[in-house]
Amino acid sequence: MNVLGIDIGGSGIKGAPVDTEAGKLIEERLRIPTPEPSGPEAVAAAVREILEHFEWSGPVGVTFPGVVTDGVVRTAANVDRSWIGVDAAALFGGARVLNDADAAGVAEMVFGRGRGERGTVLMLTFGTGIGSALFHDGRLVPNTELGHLELHGKDAEHRASARAREEHDLSWEKWAERVQEYLAHVEMLFSPSLIVIGGGASKKADKFLPHITLRTPVVPAELQNEAGIIGAALTARP
């Protein structure tokens, strides 16, 4: 079953058809910069552009960087706040819509580093913000949004996201100190058996993970930045 997966992020909107049996993109993905401002109509136009590019008429799964319940957006930390209360599923023509990190986590649990893992597995995506997907014995606890845990009086993602590293011009080693502090906090809260690091930073895992020391094993996502697209497609399979 082939399904179109679309991953909406704070800086880019990426999409590609996915072979959901193999967990692989079957065409080169299309990336469109996230519109500024990133309101619903502008983002919907970008989603339509991806649909038209692939001449797609089949099932579609879409991720969103915020809490999504029953297709309705409840929070919008890294996109325009006008999204709050929008029925995104209806806006995207009946697509299956879910939180972006949850989608990435689903993909990693089925086809990546979480495959076959029991107990508590935590997927954390480091990009424009910090997304989270929490699993227990393979079952997703949706919309955890652990990037908004408070550290030093502010959202953790304001200190430890990949965007924070770039904005503060931090070396990989200095940024790793902030990531270490954040990961130690979530380790204390959830005592996971495995932490999977995804998002854009996963492509450079060798630059910062060697500086991370926890009791919990910490590994880079196997699907890297394609996990959101693949997870969106998986959740939209008929």
Side-chain angles (χ1 to χ4, degrees), residues 1-9 18-25 59-75 77 87-89 92 94-127 129-149 156-157 182-199 202 214-238:
M1 167 61 73
N2 296 338
V3 178
L4 184 68
I6 297 175
D7 188 13
I8 297 172
V18 176
D19 177 343
T20 59
E21 295 299 321
K24 296 185 182 300
L25 276 55
V60 179
V62 181
T63 79
F64 185 84
V67 172
V68 181
T69 56
D70 298 322
V72 177
V73 175
R74 303 300 183 188
T75 68
D87 186 337
F92 299 141
R96 172 80 164 87
V97 183
L98 74 161
N99 173 266
D100 56 349
D102 285 350
V106 166
E108 280 294 316
M109 292 300 289
V110 176
F111 294 111
R113 298 302 290 268
R115 183 173 40 208
E117 288 285 338
R118 308 304 292 172
T120 301
V121 176
L122 183 59
M123 169 89 167
L124 296 167
T125 60
F126 289 80
I130 298 175
S132 61
L134 182 65
F135 297 85
H136 184 69
D137 287 345
R139 293 177 64 88
L140 173 67
V141 181
N143 292 313
T144 47
E145 292 288 274
L146 300 179
H148 301 299
L149 289 171
E157 68 178 25
Y182 171 68
L183 293 180
H185 189 54
V186 295
E187 180 184 55
M188 178 271 294
L189 290 172
F190 297 100
S191 300
S193 55
L194 179 69
I195 296 174
V196 181
I197 302 298
S202 63
L214 297 178
R215 297 188 310 275
T216 307
V218 183
V219 298
E222 187 173 317
L223 304 175
Q224 297 190 343
N225 218 16
E226 292 181 354
I229 293 173
I230 294 169
L234 278 175
T235 58
R237 281 192 297 194

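Hydrogens, waters and symmetry mates are skipped; everything else that's a heavy atom, side chains included, is used. Here, residue 1 is the first one in the sequence, and each next residue gets the next number.
Note that CD1 of I230 and CD of Q224 are 11.0 Å apart. Values are rounded to the nearest 0.5 Å. How far CD1 of I229 is from CG of L223: 11.0 Å, rounded to the nearest 0.5 Å. Taking CE of M123 as the reference point, atom CD1 of I195 lies at 12.0 Å (rounded to 0.5 Å). One distance of note links CG of L134 with CZ of R139; it measures 12.5 Å at 0.5 Å rounding. Within the model, atoms CZ of R118 and CG of L194 stand 13.5 Å from one another, a figure rounded to the nearest 0.5 Å. Note that CZ of R115 is 8.5 Å distant from CZ of F111, once rounded to the nearest 0.5 Å.
Formation of a donor-acceptor pair under 3.5 Å by the R237 side chain with backbone atoms of T20 is found in this model. Of the possible polar contacts, one joining the S132 side chain to the L146 backbone as a donor-acceptor pair under 3.5 Å is found. Under a 3.5 Å cut-off, the side chain of N99 and the backbone N or O of V68 do not form any donor-acceptor pair. No side-chain donor-acceptor contact under 3.5 Å links S202 to the backbone of A221. Using modelled atom types, no side-chain atom of D19 and backbone atom of K24 make a donor-acceptor pair closer than 3.5 Å. Listed for the E108 side chain is a donor-acceptor partner under 3.5 Å among the backbone atoms of E222. With hydrogens and angles ignored, the 3.5 Å screen pairs a side-chain donor or acceptor of E157 with a backbone N or O of I130.
Across every non-hydrogen atom of P217 and S193, the tightest pair is CD-O, 3.4 Å. Taking each heavy atom of D102 and N143 in turn, the nearest pair found is OD2-N, 2.9 Å. Heavy atoms only, all atoms of each residue included: G105 and A133 are closest at CA-CB, 4.0 Å. In plain terms, the two heavy atoms of A101 and G131 that are nearest each other are CB-C, 3.5 Å. When all heavy atoms are compared, the tightest approach of H148 to A77 is CE1-CB, 3.5 Å. Smallest separation of non-hydrogen atoms from A156 and Y182: CB-CD1, 3.5 Å.
Between L124 and L183 there is a side-chain heavy-atom pair separated by less than 4.5 Å. The shortest distance between side-chain heavy atoms of R96 and P59 does not fall below 4.5 Å. Residues L122 and F135 form no side-chain contact, since every pair of their non-hydrogen atoms from C-beta on lies 4.5 Å or further apart. Between S191 and T120, every side-chain heavy-atom pair lies at or beyond the 4.5 Å cut-off.
Residue pairs meeting the side-chain hydrogen bond (donor to acceptor under 3.5 Å, both in side chains) criterion with at least one member in residues 60-75, sequence neighbours excluded: D7-T63, T69-R74.
Judged purely by distance below 3.5 Å, without hydrogens or angles, the side chains of E187 and T216 pair a donor atom with an acceptor atom.
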Could you walk me through whether I8 and V62 pass side chain to side chain contact (heavy atoms under 4.5 Å, CB included), step by step?
CA-CA 7 Å; I8 297 172; V62 181; 3.6 Å; yes
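With sequence neighbours excluded, the residues that form a side-chain contact (heavy atoms from CB on, under 4.5 Å) with A88 are V73, W83, F92, V97.
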